[in-house]
Amino acid sequence: MNLYKGYEAVIGIEIHAELATRSKIFCSCPTDYGAEPNTQVCPVCMGHPGTLPTLNRRAVELACIAGKVTDCTINSVSRMSRKNYFYPDLPKAFQITQSERPICEDGWVDIELDGKRKRIGITRIHIEEDAGKLIHEGDKTYIDYNRCGLPLIEIVTEPDIRSADEAAAFLESLRLRLLFAGVSRCRMNEGNLRFDVNLSVRKEGDTALYTRTEIKNLNSFANVRRAIELEFMRQVDTLEAGGKIEQGTLRYDEDGGRVIFMREKENAHGYRFFDEPDIPLVRLSDDEIESLCDSIPKMPEERVREYTESYLLTREDAAILCSHPRIADYFESAASISKSPKYTANLIIGELLRLTGAETIYEDFPPERMAELSDMAHGGEINSSNAKKLVGLLLCKAVSAREYVSDHNMLLIRDESVLSEYVKEAIKENEKSLEDYKKGKVTAVKAIFGAVMKKSGGNADPLTVERLLSAELRRII
Amino acid sequence: MLSRREISAVELTQAFLSRIDATDTETGAFITVDREGALCSARESDKRRAAGESLGIFDGIPYSLKDNISTKGIETTCASRILRGYIPPYDATVAAKLKNSGAVLLGKNNLDEFGMGSETVNGAYMLCRNPHDRSRIAGGSSGGSAASVADGTSVFSLGSDTGGSVRLPASHCGVVGLKPTYSAVSRYGLVSYASSLDVVGMLCKNVADTRAVFDLIRGRDIYDQTTRDFSRSCGDISLKGLRIALPKELLGADLSDEVSIALDFSIKMLEAEGAIIEEVSLPSIKQSAAAYLVLSMAEASSNLGRYDGIRYGHRSEMTAETVGEHISRTRGEGFGDEVKRRILAGTYFLSENGREKYYKNALSAMNLICAEYAALFERFDAMISPVATRSAKKIGEKTTKAEGYREDEFTVCANLTGIPAISVPCPCVSGMPVGIQLSASHGREDVLFSLSDAIERGTGK
Amino acid sequence: MKETEHNNTFDIDAVSAAAHIFLTEDEKAKMTADVQKVIDFAGTLEGQCGDGGTCFEERYAPLRADEPESRFAREDMLDSSSSDKCGKPYVMRVVEGE
């Protein structure tokens, strides 16, 4: 839905991504999610009188990496600023952020949609701290300060996005980059990524920018999509009805399926930005930037290309393996020692990922065993259905594939004298199927095939069985 | 310091506590006296000494802290209603260093609310009087610190200096007051007034004590990212051939006789030891008071935003419709007038309407002053100037606003530029003490101590 | 803030709201007079400072240029040893009826 009543949407997005550090940005409190309220706080993040912030080096490095994977220019000198406003979840009454000189500027992310490539500009990326969380219960409000001082980056795009689809494609591409680079854990359910959408509309072909609204604090791609669609139509309908777009901040009401204008916070007087006097300029030397760059793992796009070119995987399969860096890494380590990476990929995609996820994949099924299993199947030691079955059987077990197979009699049976007997017996025991087959029902042969496999304990080599079975049938008929 | 060990730490502490009992209801130098804590520390100190495990020259020495320096478990009020009853959960770095060296904390000294003032009459609890004449002010904002040292109710005290708050009361009370180089001493736990100007300073009986206390508390602190180590030791420097600038902008007809005499005396003492004094011009000093005022108030408006009654401190009991109103009521009740004035002005200076005209101009002025000072210290080793136009005035005696700003010019440049400055007592001529100010370039406290020694020798101490 | 503020005048309502300081009408009148004096004095800076540059950090330059290791105060580590400064749970106070 790029056009509606002859209008197009002009969209910019601000993404708040929580950085994957162990400790908070200005103190040494842990960043773990889900702790009891107010148990991960200290005098610094509670804004006690006299406390001072000290910048976490890793937060700066991760922000720099975020800039690198979005092709930004990294400012070797950036500066922290104070954004002053009063709110109960903001203990110091100011947020430490970057205003005039952010750490990264002028980047882009390429997206692909319906076979077409498009470049979405990144205006800037800056470092800042998160605020606490208000919890409303009846007529009371509680404050959980655990989230105070979690390190964030805010990524601001150019108004280059034209539709909900483009927004979703961009956000997915960005998410994968941040995830692969280790910048953020990108867990949507833990609020690691949050989005503000700026949207205005204009007649198709017009290039000017008009009054925009901002939809704040969206927490999923689906909500971004829905909010864009709703606000796009709302603005167009307003204009078509002869109305005017009022600048303002909106909230997406998930239950009501609508966007609602928010009461302005008491910051109408501006944020009174000024340079943070307690933190020196943030300096990164060229050497440091370079060594950070060297530490960045390969991005998903590059890996997809490699998998399709080197391992002849389909794009779809490659993309599945590249849905998470741990899965991609897992595949690569298994593939590097396996004789048929493609077969390995099939086992991972078709079986293993049904049973486990990125978090525990290494522990649940070590890549060495995956390679071993894949090689046994590929080398004809076990048949493919047993190989699939073995993924489930070996999950979380401390035993080698080869051992398990021999202990449980799962080795492939190719001995034609044995298999011929099974074939003859199976035909004898399945007279009805034989009759059907004779009447021209070709599929009836499947039942007989299945019976042979069953007799072999599932271990027969299906190709041999197929050959013997069709020979036997030809002989009978 | 006190290497003689003829009495125990407990006896010494008890003597100081008795002295506080005897005089401090008059002087008002202490907001909080921690009797039990002090005696407990003293007992520990005596045990260590008996076991031959003394922690050094500070072990057992009674001292006090300005009440804007955070002390774990001891109320820290900043002389403000808004922090009445606030007991910090942590020690300031300087407090921790003193604790670890065995020094005995007697209590917390009076100040102008949040350090905003120059008389120590702006506190929420009581005013502080000058021990040399209790009808006079002690100066401020570290007035309680200076008065307690002068009054013999503590051996030394740490204060803070944002625009002269250590040096002015030191001058008025006849004690030595050092404002160290910005970033030489950790501010972690010093309740922020204007972060880019604030520095923890010390008030002591003499130069030797000052040097020892400075040596103990200085240095890089992982909790204050603006700190650094200045490698220079504080050894003695020969005054022979040292070049000392005397800025003519800080002279003039409005200096009282006592100040002029003190200045002449100091110059003579320094010259006698071979220093060369030369009059210079630093025209940007004329902008210093206004630049200081804008920058300090702007930062204060931000730093004092945290007092909202939600997590600690005073909370309004008035009913409020919104959280915003609740916070406004709390702050309206909790802050005194001077603090309110500075927050309001600072808020305006940072607002969209005020920032270009005031805040940016003030930054520009500050940079000009820094450049002028940097150039000066290319040619000179130190600078000498008055601390104020006069000695301590009577409590309640009016000064015109213009006079008030002019007074700032003597002290604020050291804060705007970050250089160290010290106030050293000169001989009394009028009955009230007067100090003289020496400053040097960043990290050169050693120069200040050597010059101060010369003046101190001249006064016959 | 309001339009009227553009010429050097000070709108006490707007500023006290921004600063979250409740003032009675009497206090407002007094504060306006006091703060206006401060603003007038600050106004003397205008046209006096040339272009000293408005970069705040410059004054730190002599203190840090040679000290790269002090740029970051902290590595990404949890600090459980220093329980004075970190890691202690606090009992929160509750804001009622927002």
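These numbers were taken from a predicted model, which means no experiment stands behind them. The chains referred to below are lettered A, B, ... by the order of the sequence lines, with proteins before strands, and numbering in each begins at 1.
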Could you walk me through whether C/His20 and B/Thr330 satisfy the side chain to side chain contact (heavy atoms under 4.5 Å, CB included) test, starting with their C-alpha distance in whole Å, then the side-chain angles of each, then the deciding distance to 0.1 Å, before giving a yes or no? CA-CA 9 Å; C/His20 277 65; B/Thr330 295; over 6 Å; no
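Here CZ of C/Phe10 is found 11.5 Å from CG of B/Asn353. Values are rounded to the nearest 0.5 Å. Between atom CZ of residue B/Arg341 and atom CG of residue C/Asp34 there is a gap of 4.5 Å, rounded to the nearest 0.5 Å. Atom NZ of B/Lys357 is separated from atom CG of C/Leu45 by 11.0 Å, given to the nearest 0.5 angstrom.
Of the atoms belonging to C/Ser16, heavy atoms from both backbone and side chain fall under 4.5 Å from chain B. In this structure, the portions of B/Asp337 lying under 4.5 Å from any heavy atom of chain C include both its backbone and its side chain. Of the atoms belonging to B/Ala345, heavy atoms from both backbone and side chain fall under 4.5 Å from chain C. The contact between B/Ala289 and chain C is made by backbone and side chain atoms together, counting heavy-atom distances below 4.5 Å.
You'll find the side chain of C/Val38 stays beyond 4.5 Å of the side chain of B/Tyr358, heavy atoms only. Side chains of B/Ile327 and C/Phe22 form no contact here, defined as non-hydrogen atoms less than 4.5 Å apart. A 4.5 Å side-chain heavy-atom check between C/Val35 and B/Tyr348 finds every atom pair outside the cut-off. In this structure, B/Leu344 and C/Leu23 have side chains that are in contact, with non-hydrogen atoms separated by less than 4.5 Å.
Taking every heavy atom of both residues into account, B/Ala290 and C/Ala42 meet most closely at CB-CA, 4.4 Å.
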